[in-house]
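Here is the naming used below: chain letters follow the sequence lines, and residue numbers restart at 1 for every chain.
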Protein chains: 2
Amino acid sequence: MIRCPKCQQVDAVTKAGIVRGKQRYFCKTCAAHFTLADTAPPAARSRHQVTIVDIARELGISKSTVSRALRGQSDIHPGTREAVMELAQQLDYQPNLLAYGLVKSQSNMVGMIVPEFRHYFFPEVIIGAQEVLQAAGYNLMICQSNESYQTEVANVKALMSSRVDGLLVSITSQTNNVEHFRALEKKGIPLVFFNRICPELDTHRVVVDDYAGAFRAVQHLIDQGYRRIAHIAGPPSLLVSRLRQQAYLDALEQAGIPFDPELLISYDLTDEKARIYARYLLDLPQPPEAIFAVNDPTAIQVILAAKARGICIPDELAVVGFSDDPISAIIEPGLTTVAQPVYEMGRTAARLFLETVGTQTAPTTRVLQTELIVRGSSSRKI
Amino acid sequence: MIRCPKCQQVDAVTKAGIVRGKQRYFCKTCAAHFTLADTAPPAARSRHQVTIVDIARELGISKSTVSRALRGQSDIHPGTREAVMELAQQLDYQPNLLAYGLVKSQSNMVGMIVPEFRHYFFPEVIIGAQEVLQAAGYNLMICQSNESYQTEVANVKALMSSRVDGLLVSITSQTNNVEHFRALEKKGIPLVFFNRICPELDTHRVVVDDYAGAFRAVQHLIDQGYRRIAHIAGPPSLLVSRLRQQAYLDALEQAGIPFDPELLISYDLTDEKARIYARYLLDLPQPPEAIFAVNDPTAIQVILAAKARGICIPDELAVVGFSDDPISAIIEPGLTTVAQPVYEMGRTAARLFLETVGTQTAPTTRVLQTELIVRGSSSRKI
DNA sequence: CTGTTAGCGCTTTCAC
DNA sequence: GTGAAAGCGCTAACAG
């Protein structure tokens, strides 16, 4: 029932052809033509974003038609499509993703949970992931768990509430209980772990050959003639820590070097603790000749502590890290480190999600390769 | 019209009291009791997330009541509330933010657009902003414009489509046209610029006292006895660049040092170009005695270039940067720099958004203070 | 205290 | 080709 904008009558109104894409009406009482645009409410509120209904009303067509035209569906009159497109452009129409998501029950967002992003590693992963995801029409929602299990659970909940289509996560060092991830699996939400994976969960994973990389690193120290080699490990709760530590132990054993428990330290990966343990090792009655650190931030703290004590690197102490943080090339001497393709790890995790979504793929593990970069901290020849 | 699950009849059904929070019905034909849960469809699809309707059906109450209970509204029977809460917990119910956003026309998300996040600065801002926002119940959606105007426009569109409640942005160096931001203003979407602001837009801003900080930096170089001082500036399109550059010029003039145009270079802030211009300056027939760089990444490239040429810092060349990137304290010699409260900048931008949203506040500019940190790159006394 | 109804903006049958 | 109607999950009047 169309109401005449002038006399407010309904019964006297009849259709009167289409002019410039708009349905016109005629009121027999007023003897005047009008379009639906004329019946529109006076001046929409400024907060109101333009919708397909606005376009439809203005053009005197149905919102279904507008919707179809906007999505470039085939069964649409070219003229109509053009009119819709033009008006949409003119009105700066932006589709409402919330509404879209509600009906399609997908949000075009993927969530990412990382323990921190102060250091080089995670931001770089994010860059890689975001690139791939954005190209595929997805947006990334990033959360920091701050190494807190509680926060991680809260993050998962928040991302679930936002109905993300998938999750890329690197767990905290405190994550013992993984029920919050199991819940995702049950709901069929693609889950990709990277770097810090959950061994007890059979999901997609992206890792590097941590064991091999670490083994090569320690091997390199041994080759350089160092025998008393310490290891500052990450928390044993993380698989990466355990793998790198095991590689350390195995490399020593293979070289026939007896393991000295005094030289193995596990810690929580905070910068303050790194400083403390670095000093502790250097102050040992019989200090190590070399230190293999679980990651570059740790190794850098070791170098700084050694320099503060006037210890000469690499003559009195060799240092090796893991990841090839850009600082490794800047600090003096340069830090020998096990480079991992961080950016590629982000891209791979994103791609794994993309492959999974829709077609339920079986859990896949992608292993990327590392490479030992030898710099001055472990070799005089550089 | 309630249908009996047994005989499929409608007319023979009557209400029969409430048992354990659930509305019970009685079918006169079958002479049997049942609840609405019994009439539920067989096994919901696994992809189906639990909704308030599921809870309502299970409990035999209306979804409005569930909605009210969940939100802890007052006019709710304690027993009902408890039953709802318990079932929600048990079913791992997560409210659908898309639906919520649709009806409230707010998404509880705020967008952030930064030119990059490879260096220290922007990730640190993000950390600060996210902390404040998360505490207020908002999620952050981060986009990188990669210094591309096109990408920035696309980012704005994408965030608008996601119906973010506000935007925190640092523009690209190529942003000349600001119509995409004007459109936001028109729609009444809170917009906060930080660090790289848009002078032509009258919005909220968070900046540091760039001019004062830069002036102090150059003044410091002059005080240390350096006279031939170069400046590697950022692109003139950015206000920060222009301010720091003007401070450089003014400090020279105030000290009566004639300005040598050969010693002023503007560049696009990419690492490669930084390297190139650093070498260029060092290779001048009459090279500068000191270089004030627009930011720390630039200054670090200068130090690396100088070291590669065997130039002694600070004896033959002094270097000063801007921002106090952590690398500044690690590189040798330590980089003198103008520290700015980066983390605080993120927090402030977020707070400004929070203050604005709802109550339309007049455009505010918050100016944070900088502090000169003197290290070895500009002073022998350190 | 609780249920009913309408509607947020969009897609998707099902008709014509 | 196009329109009408239903529905995604939720909140918000408006009745009782």
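In this structure, CD of A/Gln73 is placed 7 Å from P of C/dT12, rounded to the nearest angstrom. Atoms CD1 (A/Ile55) and C1' (C/dC10) sit 12 Å apart, rounded to a whole Å. For A/Tyr100 and D/dG9, the OH to C1' distance is 17 Å, given to the nearest whole Å. Going from atom NZ of A/Lys104 over to atom P of D/dC8 covers 15 Å, rounded to whole Å. One interatomic measurement links the two molecules: CZ of B/Arg71 to C1' of D/dC10, which rounds to 8 Å at whole-angstrom precision. Distance, B/Leu70 CG to D/dC10 P: 8 Å, rounded to whole Å. In this structure, B/Ile76 places its CD1 atom 14 Å from C1' of D/dA12, rounding to the nearest Å. Atom-to-atom, NZ of A/Lys63 to C1' of D/dA4 comes out at 10 Å; the value is rounded to the nearest Å.
Remark: the B/Ser64 side chain and the C/dT4 base include a donor-acceptor N/O pair separated by less than 3.5 Å. One N or O donor and one acceptor, one from the side chain of A/Arg68 and one from the base of D/dG3, sit under 3.5 Å apart.
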Do any side-chain atoms of residues 62-72 of chain A form donor-acceptor pairs under 3.5 angstrom with protein atoms, and if so which ones, sequence neighbours left out?
from, atom 1, to, atom 2, distance (Å)
A/Ser62, OG, A/Ser64, N, 3.4
A/Ser62, OG, A/Thr65, N, 3.3
A/Ser62, OG, A/Thr65, OG1, 3.2
A/Ser67, OG, A/Arg71, NE, 3.4
A/Ser67, OG, A/Arg71, NH2, 2.8
A/Arg71, NE, A/Ser67, O, 3.3

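The phosphate of C/dG3 has OP1 or OP2 within less than 4.0 Å of a side-chain N or O from B/Thr65. For the pair B/Ser62 and C/dG3, the criterion of a side-chain N or O lying under 4.0 Å from OP1 or OP2 is met. At C/dC10, one or more side-chain N or O atoms of A/Tyr93 fall inside 4.0 Å of OP1 or OP2 (strictly under the cut-off). For A/Ser67 and C/dT11, the shortest distance from a side-chain N or O to OP1 or OP2 is below 4.0 Å.
Atom CD of A/Gln73 has more than 12 heavy atoms from other residues, nucleotides or ligands within 6.0 Å. No more than 12 heavy atoms of other residues, nucleotides or ligands lie within 6.0 Å of CD in A/Gln89, so this atom counts as exposed by the packing criterion.
Among the nucleotides D/dG9, C/dC10, C/dG3, the one closest to the side chain of B/Ile61 is C/dG3. Here the nucleotide nearest the side chain of B/Ala99, chosen from C/dG3, D/dG9, C/dT11, is D/dG9.
Between A/Gln94 and B/Thr80, the one whose closest nucleotide on DNA chain C sits nearer the 5' end is B/Thr80.
Contact annotation for B/Asp75: base contact, defined as any heavy-atom pair under 4.0 Å involving a base atom. Residue-level contact check: B/Ile52 touches the bases, meaning some heavy atom is under 4.0 Å from a base atom.
In this structure, A/Ile126 and A/Met112 have side chains that are in contact, with non-hydrogen atoms separated by less than 4.5 Å. Side-chain contact check for B/Val357 versus B/Val110: every heavy-atom pair is 4.5 Å or farther apart.
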